[in-house]
Structure formats: structure tokens, C-alpha cells
Colleague: 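Got a structure here, written out as C-alpha cells. Questions coming.
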Amino acid sequence: MRLSRLWLPTTKETPADAEIVSHRLMLRAGMIRKLGAGIYSWLPLGLRVLRKVETIVRQEMDRAGAQEISMPMVIPAELWQESGRLTKYGPELLRIEDRHQRDFVLGPTHEEVVTDLIRRDLRSYKQLPVTLYQIQTKFRDEIRPRFGIMRGREFLMKDAYSFHLEADDLEREYRNMRAAYARIFERIGVEFRIVKADSGAIGGDRSEEFHVLAGSGEDVLAVSDASDYAANLEAAEAAIPAVRPSAAEALARVATPAQTTCEAVAGLLGEPLSRTVKLVVVKGREQPLAALVLRGDHEVNVVKAAKHPMVAAPLQLAGEAEIRAAFGCPPGFLGPVGACVPVIADRSAAMLADFICGANEVGFHLRGVNWGRDCTEPVVADLRNVVAGDPSPDGRGRLQLVRGIEVGHIFQNGALYTAALGVRVQDEQGGDRIPVAGCYGIGVSRIVAAAIEQRHDEAGIVWPEAIAPFSVIVCPIGAGQSTAVAEAAQNLYDELAAAGVETLLDDRGLRPGPMFADADLIGVPHRVVVGERGLAAGQFEYKRRGAGAAEMIAATAAAVREKLSA
Ligand code: ATP
Ligand code: MG
């Protein structure tokens with residue numbers, strides 16, 4: 001491709017609303033342009049990268065035995081009604097109406113459509129297993145679209161779905177997909193981690209996410225420093241602490257006139273924060289309220305707490321009026337002693353002795369509090385977010401908190417959708433069975449941004465070879481003044497192109513500075529400079545993107561190709 005003909009509007013400025021580096025670089029490198037909030041056009045350079053990612057995903061899906069299909073993006077709302085998700089999915093689901101006032105949704109994911117597709121033709125167990133996939137534009141009306149195409153409203157997803165007679169066959173395919181995903185991210189050339197995920201309100205047995213590690217990631221992951229244990233913070237289990245020490249102090253009531261936080265009370269009493277507990281009052285499932293007790297230095301894990309049978313899901317905090325009515329005192333002075341709502345203590349809080357808590361009386365706290373002695377033994381559960389330094393739940397090493405970008409998600413959803421949509425299949429004995437299913441998603445467009453988050457420097461993008469928009473950029477210097485340079489550059493370009501090397505020829509006649517700046521910005525892995533002085537010595541200048549220095553090589557296409565395969 002000749003750069004003079006390429007629609008490549010590179011810019012120096014960084015747009016104000018671009019908060020993260022991939023968003024800035026994709027705009028600056030002329031890869032994408034914004035049409036509306038979370039809605040982007042892909043320009044030629046960006047689309048080349050997107051297609052490369054797509055191709056790798058497609059090849060590995062095909063290799064894993066999945067079959068490509070294409071499902072509609074516009075879906076009759078009745079189908080979502082049937083699965084129960086029309087209301088459950090919430091406002092991310094964009095609804096539209098046709099001219100006959102019939103309701104439709106724009107597909108944010110396709111479990112319903114594919115399950116409907118299967119139920120139309122599935123008769124016998126002999127047709128199973130089957131894995132179908134598509135690579136398609138999805139729409140989710142994200143509450144906060146941001147970071148460019150990283151969290152868009154419209155984005156490209158690979159979504160695959162498998163159907164099985166038996167759960168163990170689903171488990172086999174889940175592993176097959178898991179392995180295919182690992183190959184995909186290895187081939188793309190990004191550093192990733194497979195992370196235990198919460199299977200969420202949808203239920204299901206097993207779910208893992210694939211994360212590209214990057215400081216700008218929106219997800220916090222807990223990873224062991226000594227094993228491959230990794231879990232999304234939502235799902236990371238807090239290890240069970242050792243034993244509770246025995247009570248040593250007597251219960252005492254202390255005045256805390258202005259201290260309404262654990263920090264302030266600990267400060268006043270000169271005690272560590274980890275000795276205090278706080279009460280988080282939430283709506284209960286059967287009873288109106290429930291009180292969660294956590295150590296002052298720990299935070300509630302919203303997902304874990306909402307799974308507790310005594311707690312309403314999703315988690316809802318009690319209002320101040322409700323708290324006053326139940327405790328006879330305002331928030332800031334609450335504690336488990338004499339509490340008249342069911343108390344659930346986090347494992348760590350339940351292991352405390354001689355702890356400090358509110359006295360359920362304005363202006364007072366209690367110290368030297370002990371479970372069983374001063375208040376009833378609580379119900380105990382894992383309610384908190386893990387923190388850095390916690391022991392890894394697999395017993396190996398300590399947890400570190402790192403940030404990740406979710407680029408893939410694999411999921412066993414069992415009979416959830418097949419049962420809801422009434423799918424039936426005959427088994428070998430002629431019995432009527434509900435098949436089980438798995439679903440497997442990859443954020444194809446998000447991968448492009450995630451790769452940039454991981455691979456960039458001051459000057460611009462440093463593409464992994466496998467998804468670079470072009471492999472080589474040829475930069476002639478002074479081609480306007482030197483026919484030798486112009487011809488040598490043209491010949492090199494022709495020979496590389498003929499050999500199937502994706503080559504960009506910068507024929508815009510720019511001076512070296514701006515020409516190299518663009519080459520660095522768009523991140524082409526190999527740069528060949530054709531200059532008069534080099535040619536006189538029979539040499540090109542070669543530089544690998546991201547390498548420190550350039551080197552001189554023989555002025556032949558063969559010498560350049562040798563560098564590409566090095
Ligand atoms: P997130 O937690 O980031 O919102 P999700 O759990 O909603 O993701 P899934 O429903 O599992 O995502 O979708 C499969 C994949 O699609 C995700 O792993 C992610 O890579 C990608 N994806 C999801 N939402 C977006 C979005 N708004 N923009 C770009 N890619 C997305
Ligand atoms: Mg989401």
C-alpha cells in the first residue's frame with residue numbers, strides 16, 4: 001500500500017476525552033473515529049488490525065471444531081421474554097420498535113437466538129454435540145461507554161455456543177474452548193491470565209475469564225505470587241483465618257462523641273484498624289434487614305454478600321431511617337452487641353477477640369468485645385474483598401492485586417436457556433431430555449485496544465507481529481531529488497509485495513522526522529530506510545520497532561526478508 005493513497009489521518013494532539021493510552025493512540029494513529037458515545041468507525045489502518053484478530057479467532061475456532069454461522073442482530077423481543085431476560089438484562093438492552101409497533105432488541109449476546117435455532121431442528125442425541133459460533137457486531141447500551149472501543153456500545157464479539165446431551169461432554173468442550181482461547185491469545189501475542197469468575201446471577205457451574213494484564217484495566221484480579229491461582233476480585237475467596245484467640249479484656253463502653261468511622265475510633269483509642277469492626281446494614285431476603293459485620297480494614301464484596309441466603313440479591317444498603325428504626329441509633333455507632341437484626345460476620349471479623357464496635361448508642365463505642373460472651377455467635381460467611389497479602393486460597397503463596405482487561409469469557413450455563421426455551425432431545429433409550437449448553441465469548445474489538453495497552457512506548461504503538469496492520473514500512477529519504485532512491489524504494493516495495501509481505505511505502509515526500517514519527521506512531525514492526533548515502537554503499541537502514549538502534553543491511557529485498565523472519 002502506498003501511504004499517499006491510504007486514508008491515514010494521523011494527529012499529534014491528544015483528544016481531551018481520551019483517558020487511556022490505547023484510546024489516545026488509536027485516535028492519533030488514525031485507526032478509529034467517533035460517531036457517537038461508544039460508537040466508532042474503523043478506518044483502514046484500524047480495520048486491518050481488527051481483521052487480523054478476527055482471522056486468528058476464526059482459525060482457532062474452526063480448528064477446535066466450532067462451525068461458523070451468522071445470526072441476526074435485530075431480535076424479536078418475545079424471544080427474550082421467553083427466556084425471562086427481557087426485564088432481567090436491564091437497561092443495557094436496547095429496545096426498538098418496527099413500523100407495526102412490534103418490539104425488538106439489538107442483540108447484546110445471543111443465547112436466546114442460538115437456543116431457538118437449535119430447538120427448531122434438534123431431534124436426536126445423534127445430532128449432539130454441536131458448537132456454533134459467529135463473529136458479529138453486538139450492541140449494549142453501556143451506562144458509561146469509555147476508553148474508545150475498549151468499552152463501546154457497539155463492538156465486535158466472537159460468541160460461540162455448544163450443546164450437549166450430558167454434563168461431562170459439556171465439560172470436555174469447555175476445556176476444548178479454554179485451550180483454543182489460550183492458543184488465540186498466545187498467537188495474538190498478548191500476555192494474559194485465566195481467571196476464575198463469578199458466574200453471576202445467571203448461575204451456572206463454571207466460568208472463567210481471560211484477562212490481558214494492564215494497569216488501565218477496569219477489573220481487579222487477585223493472583224497468587226506462587227501458583228497459577230487467579231480470580232476476579234468478585235470471585236476471589238478469602239482464606240479462612242486460623243483460630244480465634246481467647247478473650248482477654250473486659251467489655252468497656254467508651255465515649256466517642258465525634259467518631260463515626262472505624263478509622264476515627266481506632267485513632268482515638270490508639271488501636272489498629274484491624275481490631276475494629278463495622279456493621280453494614282443491608283436488605284434481608286426473608287427478614288427486612290441483615291447486618292454484615294466486617295473488620296474495619298476490610299470492604300464488603302457485593303457479589304459474595306448477595307449470594308448469602310439471608311441477604312437480598314442484588315445487594316441493597318438499608319436507608320438511614322430504616323437503620324434508626326431498627327437500632328434506635330444512627331449509622332456510625334452500630335455494633336453486633338444487642339443488635340436486633342440477624343448478624344452475619346465475615347470470616348475474619350468472626351475470628352476477632354477483644355474487638356471494638358459501635359455501642360448502638362449515639363456517641364459511644366464498645367471495646368474488649370467478644371463473640372459468644374458479649375453477643376451471640378454470628379452466622380459466619382466469606383463476605384469481604386480479598387486484600388494484597390492475603391494467603392492464596394489454594395494454600396500456595398500470597399495474593400497480589402493486579403488490573404486486567406477482560407477479553408474473553410467462557411461459561412457453562414447448563415440447562416438454563418435450553419430449559420427456559422423448552423428444548424428437548426431424544427436420548428439413546430428414547431427418553432426425552434433437556435440438553436445442556438456452554439457459551440464462550442471473545443471481545444474481538446476490545447483485544448485491539450488491550451494489545452495497545454500492553455504494547456506501546458512514548459512514540460506510539462508497538463504491535464505484536466501477528467496483528468500489525470503492515471509488516472514493513474519502506475521510508476525513502478529525498479526521493480524527490482534522487483531517482484536512485486525513488487527507484488530502489490519502489491523496487492523493494494514491489495519485491496516485498498510480490499513475496500506476500502504486507503508493505504507500506506511512505507511516498508508522501510515527507511522529511512525524515514515526520515515520516516519516522518508516523519511510522520513509530522502506527523507501530524509497523526519493521527522499518528527500512530532507503531537513503532542516497534546508504535545506497536552508495538549498497539545498504540538499507542533497518543530498524544525493528546521498539547529496538548534501540550538502527551543497523552545497516554544489504555540493499556536487497558532478501559536481506560529485508562531475513563530480518564522479518566529473524
Ligand atoms: P464487562 O465486564 O467488561 O462488561 P461482560 O462480562 O459484560 O464484560 P461478556 O458478556 O462476557 O462481557 O461478553 C464477552 C466479551 O465481550 C467480554 O469478555 C469482553 O471482552 C467483550 N465486551 C463486553 N462488553 C464490551 C463492550 N462494551 N465493549 C467492548 N467489548 C466488550
Ligand atoms: Mg458488561
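In listed order, ligands and their atoms are each counted from 1.
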Colleague: Of all heavy-atom pairs between Pro129 and His164, which one has the smallest distance, and what is that distance?
Modeller: CB-ND1, 3.5 Å
Colleague: Arg433 and side chain to side chain contact (heavy atoms under 4.5 Å, CB included): which partner among Val423, Leu128, Asp427?
Modeller: Asp427
Colleague: Classify the ring geometry of Tyr174 against Tyr440: parallel below 30°, tilted from 30° to 60°, perpendicular beyond 60°.
Modeller: tilted
Colleague: Could you go through the ring-ring contact (aromatic ring centres under 6.0 Å, His included) check for Phe185 and Phe210 one step at a time?
Modeller: CA-CA 9 Å; Phe185 295 115; Phe210 286 71; 5.7 Å; yes
Colleague: Between Tyr40 and His23, how do the two ring planes meet: parallel, tilted or perpendicular, split at 30° and 60°?
Modeller: perpendicular
Colleague: Tell me which residues fall inside the under-4.0 Å heavy-atom shell around ligand 1.
Modeller: Arg140, Glu142, Ile149, Met150, Arg151, Gly152, Phe155, Met157, Glu406, Val407, Gly408, His409, Gly443, Arg446
Colleague: Keeping the roles fixed (side chain from Arg119, backbone from Thr418), state whether a donor-acceptor pair exists under 3.5 Å.
Modeller: no
